[in-house]
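Worth saying up front: this structure is predicted, and the values here are computed from it rather than measured.
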2 protein chains.
Amino acid sequence: MTNKEKLDKLSKLIRYFILISTTKAGSGHPSSSLSAVELMSVLFFGGFFRFRINDIKYANNDRIIFSKGHASPLMYSLWAAAGALGEEELLTLRKFGSRLEGHPTPGFPYSEASTGSLGQGLSIGLGMALNAKYLDKLPYYTYVLLGDSEMTEGSQWEAIQVAVHYKLNNLIGILDVNRLGQRGETMYGWDIRAYKDRISSFGWETIAIDGHDTEEIINAYKFALTVKDRPTMIIAKTIKGKGVSQLENIDGWHGKTMSKEQLDAALNEFGSIDKSIRGIIAEPQRIVINEEKIKPYDKIPMAKDKISTRKAYGNALVNIFLKYPKMVVLDAEVSNSTFSEIFKKYFPQRFFEMYIAEQNMIGTAIGLSLRGKIPFVSTFAAFLSRAFDQIRMSQYSNTNIKFIGSHSGVSIGEDGSSQMGLEDIAMFRTLNNSVVLYPSDGISTEKLVEEAAGHFGNVYIRTTRMDTPIIYDEKDIFKIGGSKIIKQSKNDIVTVCAAGITLHEALKAYEELKKEDITIRVIDVYSIKPVDRDTIIKAQEETGAILTVEDHYAEGGLGEAIRSVASVKCPVYSLAVSKIPRSGKPDELLNYEGISSMAIIDKVKELIA
Amino acid sequence: MTNKEKLDKLSKLIRYFILISTTKAGSGHPSSSLSAVELMSVLFFGGFFRFRINDIKYANNDRIIFSKGHASPLMYSLWAAAGALGEEELLTLRKFGSRLEGHPTPGFPYSEASTGSLGQGLSIGLGMALNAKYLDKLPYYTYVLLGDSEMTEGSQWEAIQVAVHYKLNNLIGILDVNRLGQRGETMYGWDIRAYKDRISSFGWETIAIDGHDTEEIINAYKFALTVKDRPTMIIAKTIKGKGVSQLENIDGWHGKTMSKEQLDAALNEFGSIDKSIRGIIAEPQRIVINEEKIKPYDKIPMAKDKISTRKAYGNALVNIFLKYPKMVVLDAEVSNSTFSEIFKKYFPQRFFEMYIAEQNMIGTAIGLSLRGKIPFVSTFAAFLSRAFDQIRMSQYSNTNIKFIGSHSGVSIGEDGSSQMGLEDIAMFRTLNNSVVLYPSDGISTEKLVEEAAGHFGNVYIRTTRMDTPIIYDEKDIFKIGGSKIIKQSKNDIVTVCAAGITLHEALKAYEELKKEDITIRVIDVYSIKPVDRDTIIKAQEETGAILTVEDHYAEGGLGEAIRSVASVKCPVYSLAVSKIPRSGKPDELLNYEGISSMAIIDKVKELIA
């Protein structure tokens, strides 16, 4: 049996697996899977893809991301053809409890990442390729299977630009141009030239091939592996539903499965299938990984005087790197505002400029995290919203990313509403298992950045533009899920819960009210998720009421976080941003929105009136 | 005085305005404004831009979007040079209460849209150009001033693709390649060729010019106005800080203003400035707008049997069009899933396929809304998160957009977590003045879609994938801010607040519990924002407790919406999605997440135990 004959037999077996599993499931995407069968079977079993099937965690395994996640039946069938799972398990596709979900998830251990929201896989692959080339310095390749429909997503073009910038010749895209999207023809149909011109213009190597011609596919991979200074895109003209005449190139079959009768007809068409054949995946190069030692360096002294929390964040990055050498820092072209530039100056080789392309930055961070790194990604809090879909998807890849949003709230001042992060707490709170931290001074920032690094999982840290005074001592301890009671007495008539900039307003209010013999309890709710339920309930019991104050819109923010745990016995009042903010001085805006010390004083007096 | 001499004098005046206003403000972006002075003064005062300065609302005015919103000092100075505002007002830049905010907002009436989050202006311009070409059929042009840094944003490349697809020759981009971003050089620096190759490869007409050469700029606009079948990008090599030797092409001046001493030196360099000169903007073509009459058509009968709310949404679009002829429908390549395709079949000329490029879809909707249309934009609820930054920015442009997210919640079933909208309520609730609606059956869907159309402002409507039974009567009335008490008696021991799919679970629970003589009140909280406070408080008083049930993550969802208004006298319990969901049957997943009728029954029994 020649190599080509064996590959053809394997392709037929994979098609069989795709059809039987999707028909059994009664839902799924057989036609989108069938178009890429040869592209993937040649990659896997033609000697190109190198992977230890019995050592998934081996660092030098090649990587394959199914950016067109709806082709998961193909992915599962490939691994079945490699012997990693049996036909019986294939038939559990999409069943509750099965590892084989509708779109790839980490439940299936050969799946590198959760995909299914289109246009994200190339960025994830970029992160893995960046890791190989610049961090782990390993020769593995990262392959990304792309659909043609998803090429309209802007995130793809972000990844295309950044991959060239970092000369990622170890990143190979495979674009499955099967012409048909979900509801009809794609923007470019089978105009292969359109894809080639556009992708080439960004500096990628491109190869146009017939995606069902084994020889052409072999030659494309051979060529791609010789390219030295740039990523390669293999642009393959394919037929949706290939191999099944009932489906081939017919609109209306997206996301539809065949009935049992249709399946029987298709299998008849296939002729004999060698169900015993299994493909062999090539062995990756044996590599000894030398962990780079970090040279000792002088830490940056912890701030003793007023400092912005964004700057304290930059300092903290430097100071914790020795303890967390898996750290990598990414920024979307605002490192001199987020202060991640401080880390860049100390450790330029661990810092990656991601330019103004937040979606790709988060996708890259997912890829880095899945290769064992701890990415710290920063931009203005407002602009993290640009990557909400990637952030959302990261929770399904079990990533360990630290998101930092600077310039939160109306207190940024003159730049105005477009630059103000006012929805960021809501965005990060709503994610499963997320942690949301909001420090108020230099010391708590440094401590919480370290806490975040030590916590496996996604953490959001909100920082403030303006300088704030130091209110803590270097010996103070800050924990995820904790809080700090800063002011308390037996006569407190209300508890003010605040964080970040509003904590300082609460402390100003405390001082003013004290002059009138009114005492309030002040709690720094620096951990907004998880929130310190016990402390809040105790404060409720002792003071009778809670007043929350936040520089964020009311919905999904600190106020709602506290209401979600508060005891029902005492009222919770809330001050939050409620009007469309505008340009002005920070103090003017805090007053305008009713979240300043004056607003707190007024509310407290109203409560005791 | 020749035309060129006058333009040069105006450019000098504009530079003067930029410098005095930013120095007075003490913050802002003079250097980014200075690079585009000639590009804009020639556009405005060279006879190209046509606008009735005293009739801002004139439908055939040309449009100019500052996508690089931080160049707002240039924008205000241009209009000052046109006589629309005086030097005194320019000196209020960035002051609290001034119309001249740090980034463009509708407070300044000549500003077409709020910008300042980069990479959004081209999509907004696309919407306005689409309106001119296909809807209002007006000859006005839309110009978009773009920064070079923002070209890394994927959203730009979405707009670039879609603008060609719709052959928008009335859209002209002006790319100000001043080489320097915020923290240093951009990805391509002054490589004008890189921009030209990339943008041309997508099918745009491109012209590379010296952005400070009046003659070249004049010729570029002349040429652009002759292009018949495609958009044009004028790619201008410019110098950041142009005209002020202290600033020219020097890194570190982004977003920094000159001191008074530096300003004096700059003005000395300028020599004499003719402060009395004013530019004249050309008069637009006089046009009589003929509103197209909608031909009578048969409405789609309201569903009498079970139907998915997503399908009822599609039907509703058709049925309300006669009453709301300003409607336009956009969809991100899933119109056969969101059912916006029903509208497309009836009114293809009012439907625009936006392909899988959600950011540009929302940006386009902003542009359409600002030209008086009512855009209905739909995709899977999960994928609206892709455009959160555009959605966020839309609130600052006072838009009137109806966002529809289908496939919400775990109840979509087998497709798995990547396709499930579980953060969408939190995302839309947190926006200022937003409305969030979540109908549960065909009738309430149709009624609420009509309510949404009649409400000026941004509205989110959440629809469900699976069919649900009809529970309402055609005569029932549904209002923004309303709710429906579906089951009640004097003996109700708890009030279950639900919406959408969980309302049906609550009704099942009601029937089961009734068999055991346990009665619960059931409220359909179809308006999640604003939420019907009075009805909830009354139910609390009468039943003593609230139980919320939602197919959404707990944070920012229905439960928190209700807690935010609930009386503190009675407890509020909540059931929500709390585990990472997976593939499975809808019922299995509702059970797995503890939001099914069984979970409600268990919780109710626990409460009375």
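- For chain A, the nearby part of B/Met393 is the side chain; its heavy atoms alone come within less than 4.5 Å.
- In this pair, B/Phe388 and A/Phe388 present their aromatic rings tilted. The plane angle is within the 30 to 60° band.
- The candidate from B/Ala357, B/Gly416, B/Gly203, B/Gly556 with the greatest count of non-hydrogen atom pairs under 4.5 Å with chain A is B/Ala357.
- The contact between A/Met420 and chain B is made entirely by backbone atoms, counting heavy-atom distances below 4.5 Å.
- Of the two parts of B/Ser114, neither the backbone nor the side chain holds a non-hydrogen atom closer than 4.5 Å to a non-hydrogen atom of chain A.
- If you check the side chains of B/Ser117 and A/Arg386, you find a donor sitting under 3.5 Å from an acceptor.
- Interface remark: B/Val577 contributes no atoms to any contact with chain A (heavy atom separation under 4.5 Å).
- Of the listed residues (A/Lys529, A/Lys569, A/Gln156), the greatest number of heavy-atom pairs within a distance under 4.5 Å of chain B belongs to A/Lys529.
- Neither the backbone nor the side chain of B/Ser574 has a heavy atom closer than 4.5 Å to any heavy atom of chain A.
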Run the numbers on A/Glu333 and B/Thr186 for side-chain contact (heavy atoms from CB on, under 4.5 Å), then give the verdict. CA-CA 9 Å; A/Glu333 218 268 333; B/Thr186 63; 5.9 Å; no
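- In this structure, the portion of B/Glu353 lying under 4.5 Å from any heavy atom of chain A is its side chain and not its backbone.
- For a residue to count as touching a neighbouring chain, one of its non-hydrogen atoms must lie under 4.5 Å from one of that chain's; by this rule A/Ser567 does not touch chain B.
- Neither the backbone nor the side chain of B/His254 comes within less than 4.5 Å of any heavy atom of chain A.
- Proximity to chain A involves both the backbone and the side chain of B/Glu101, based on heavy atoms less than 4.5 angstrom apart.
- Heavy-atom distances place both the backbone and the side chain of B/Phe202 under 4.5 Å from chain A.
- Interface remark: B/His165 contributes side-chain atoms only to the contact with chain A (heavy atom separation under 4.5 Å).
- For a residue to count as touching a neighbouring chain, one of its non-hydrogen atoms must lie under 4.5 Å from one of that chain's; by this rule B/Ser337 touches chain A with backbone and side chain alike.
- For B/Met354, no part lies near chain A; criterion is any non-hydrogen pair under 4.5 Å.
- Only the side chain of B/His29 comes within contact range of chain A, judged by heavy atoms closer than 4.5 Å.
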